[in-house]
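Note that ligands are numbered from 1 as they come in the structure, with each ligand's atoms numbered from 1 the same way. Predicted, not measured: the structure shown is a model, and the values here were computed from it. We number each residue from 1, following the sequence as shown.
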Amino acid sequence: MSTLVRLGLVAFSAGVAALVVALAMPYTDPRSLAALANHPIGAKLLNLSTSALHSFARLLEGVSPSVSVPSLHHYHPLSANVSEAVRTTTFPGAIASGDLDWADQRVWQLQQNQVTSPFYTEDELSRLLHWCGRSSSNNRDIGSPAVNSSSDVSSTATMLGREAPSSEEMAVKARFDRLARWVAASGGDASKVQLGVDGDGLRGLHANCSIEAGEVVLAVPLKVGLSAATFRAAQVLAGPTSAWRSIESADMFLDALVVSYEVAVHGDRSPWADYLCLLPRSYEGLPVHISDPWVASLLSELPALRRLAAKRRAQLALFANDLARPALMALPGGRSAMLRLARNGGDRAAGSSAGRDLWLPLWHWAYAAMKTRGVTLAAEGVQHGDGGAQLQLRLPLSMLDWVQEYGVLLPILDMANHAFEGRGANVAYQLLPDASGTGLAAALVALRPLSPGEPLLFDYVSSAELEEGPACLDRWLVEYGFVPSTAGSDPARDCDTFEVTATDIARAVVRTATSEPLTGTALMEMTAALEHQIAERLSRRAKDGLPARLEIHVRQPYEDEQSGTQDHVAQRWAVLQWLKAALWDPAHEDGRAPEPGSEFEQPVNGAKDCTHGGKGEEQHEERTSFSLDLVNPRSVLNTLLQGRWEQLGEFEHRAVEGLLAVAAAGRRAVRRALDQESKRQGTYGVS
Ligand SMILES: C[S@@+](CC[C@H](N)C(=O)[O-])C[C@H]1O[C@@H](n2cnc3c(N)ncnc32)[C@H](O)[C@@H]1O
């Protein structure tokens, strides 16, 4: 080969090498990578190349690109009946919202049948967080005493009577102090706060000195927060999560992946190791994690909660198996971490029940931690800087261009408990520039002068509620795992949802007509016959988009004059139309039957007689010929509300904490609706 050709080849190789280096360089320097990712074309190129690289890697692993994209349909226990479920979506107020019906009672039951053990246990968490060196902690665990032993914190903790803190308490204090130093070194300030326990035994954040109104009590720079933008594999997250972009609400599960990764892969080497050790080991209130069959059966009577929990449960399963597990394995160190999780379950050969793979327990616990403690930041604000400051986060965020909201776990700040604004909140959550002036810090600002030892309470949702109005309390249980005890009830947060089927309508009709309790074979027979008729009418009306069952939502009427609705029963008009369709023969709709606005008319054909409980074919005939067309939908609605009010009353004797609070709030809402119906109709007295 001539020298010239050799030289040419060397020059060509050098050129190729230079090109490769030029292409690879941005990936090695976070700043140039961030600059590139913030450019619209650069971000697209990065997205494309990381997705392509990831797909290539999967091909090498033998995963065919034609493997179908995972979908929530696979986790809907009745998905074979999807087309039937779709039918229920078109009518206003119909149960399903989307193409899968999560409200169907059978969905929750079937899911529940598969739950044979708790989603995670404290013992499993002890194994996952073995480096923390202690056995348990939860919100009410006093493994977290007031960590400042100064004498002016007497109102802080129930622990102060103790002379010497236990070794566990010392360990908690040491971890908290290390976190405070990390926050300070990162440009924040945690010098005015300490861990404490309130009078109910609830762990929280307390002031440790006197604080003026308007003073910043705590500032935690966002870069200290644990999030998809900051965790240790942030820069390579886009590829392994590229399949997530087409899945509804995928960003909600990104945070659980982040926590799982830090625990499984980095453990005590994680910058958040101290923080992870201070997290509660159990989050008992989240409906999605109900494993006790008795509690699950209570949830069945709260359809709004049940529907949300059923869907969330399916989403968690979809992500755990098909999306988060492969994503974690594709992140650096993920594959061996996953193997460790599988092994950490103990000795399977010995048939130990403690031997399950720890991945699912970790996943569910991580989800619970993020859900109950994370703050969310709009992706828009994160990418373009909020409050006038450009964020310094390591991840070129536009690479995750499908994310709308980032969840962030903020060490120390997330120890503060909740109180509604104007109802006990003494600090406000704000985003402020951090000490460097180039990034943001999440801050708690005093709303009034604070004394040493006072618990710091802020409103978890005030900014969200500004836009959407007050959230119903049942929503709190699903999203935050607890129902805040407010000073007196706030009518705007009292809501109830209950389900009405042909059976419920039949019972209400009998009750409306007879005002006698539903007892005896004769009444049962009559109800069954009515139910049959009602179900038939509804199924005939299915072609008009009328669902076979309806959720009735009861809440404070919106103040908004524009909407023009002032009914405690949401979409009352539509509900009455549906009841009318269930009760009245379509042939009678040309004015032959009473309109919903007209007064209740007594049923004919001896409906009253049915309460006498006689037997025989003749009477049965008479009863089943009861004329539904003459029953007024308004009176049935009234009876349904009355029945619901009584049903919720029974919760008082059997429900567990969170569900009891939801049921009580629902009962107050239904009471208001009943009063409104009673006033409107004048003639109906309700007890
Ligand atoms: C952000 S954490 C607050 C700190 C937490 N207490 C701890 O020990 O780590 C939110 C959790 O604290 C509890 N919590 C906060 N505010 C509460 C309140 N007002 N009433 C009851 N529980 C509350 C709930 O369990 C909630 O899921």
Between Lys311 and Glu248, is there a side-chain N and carboxylate O pair less than 4.0 Å apart?
-> yes
For Tyr480, the atoms of ligand 1 under 4.0 Å from one of its heavy atoms are 27 (O)
Within the 4.0 Å heavy-atom cut-off, what Leu279 brings close to ligand 1 is neither
query: Is any N or O atom of Asp414, backbone or side chain, closer than 3.5 Å to an N or O atom of ligand 1?
result: no
Is it true that Tyr460 lies under 4.0 Å from ligand 1, counting heavy atoms only?
yes
Of Met415, His418, Arg373, the residue with the heavy atom nearest atom 16 (N) of ligand 1 is His418
Tell me if a side-chain donor or acceptor on Ser186 pairs with a main-chain N or O of Val224 at a distance below 3.5 Å.
no
Hits for side chain to side chain contact (heavy atoms under 4.5 Å, CB included) against Ala441, two or more places apart or cross-chain, chain-then-number order -> Ala219, Asp434
(message) Taking atom CD as the centre, does Gln404 end up with more than 12 heavy-atom neighbours from other residues, nucleotides or ligands that are less than 6.0 angstrom away?
(response) no
Please confirm whether Ala416 approaches ligand 1 to less than 4.0 Å, judged on its heavy atoms.
yes
Contacts of Asp474 meeting salt bridge (Lys or Arg N to Asp or Glu O under 4.0 Å) (sequence neighbours excluded), chain-then-number -> none
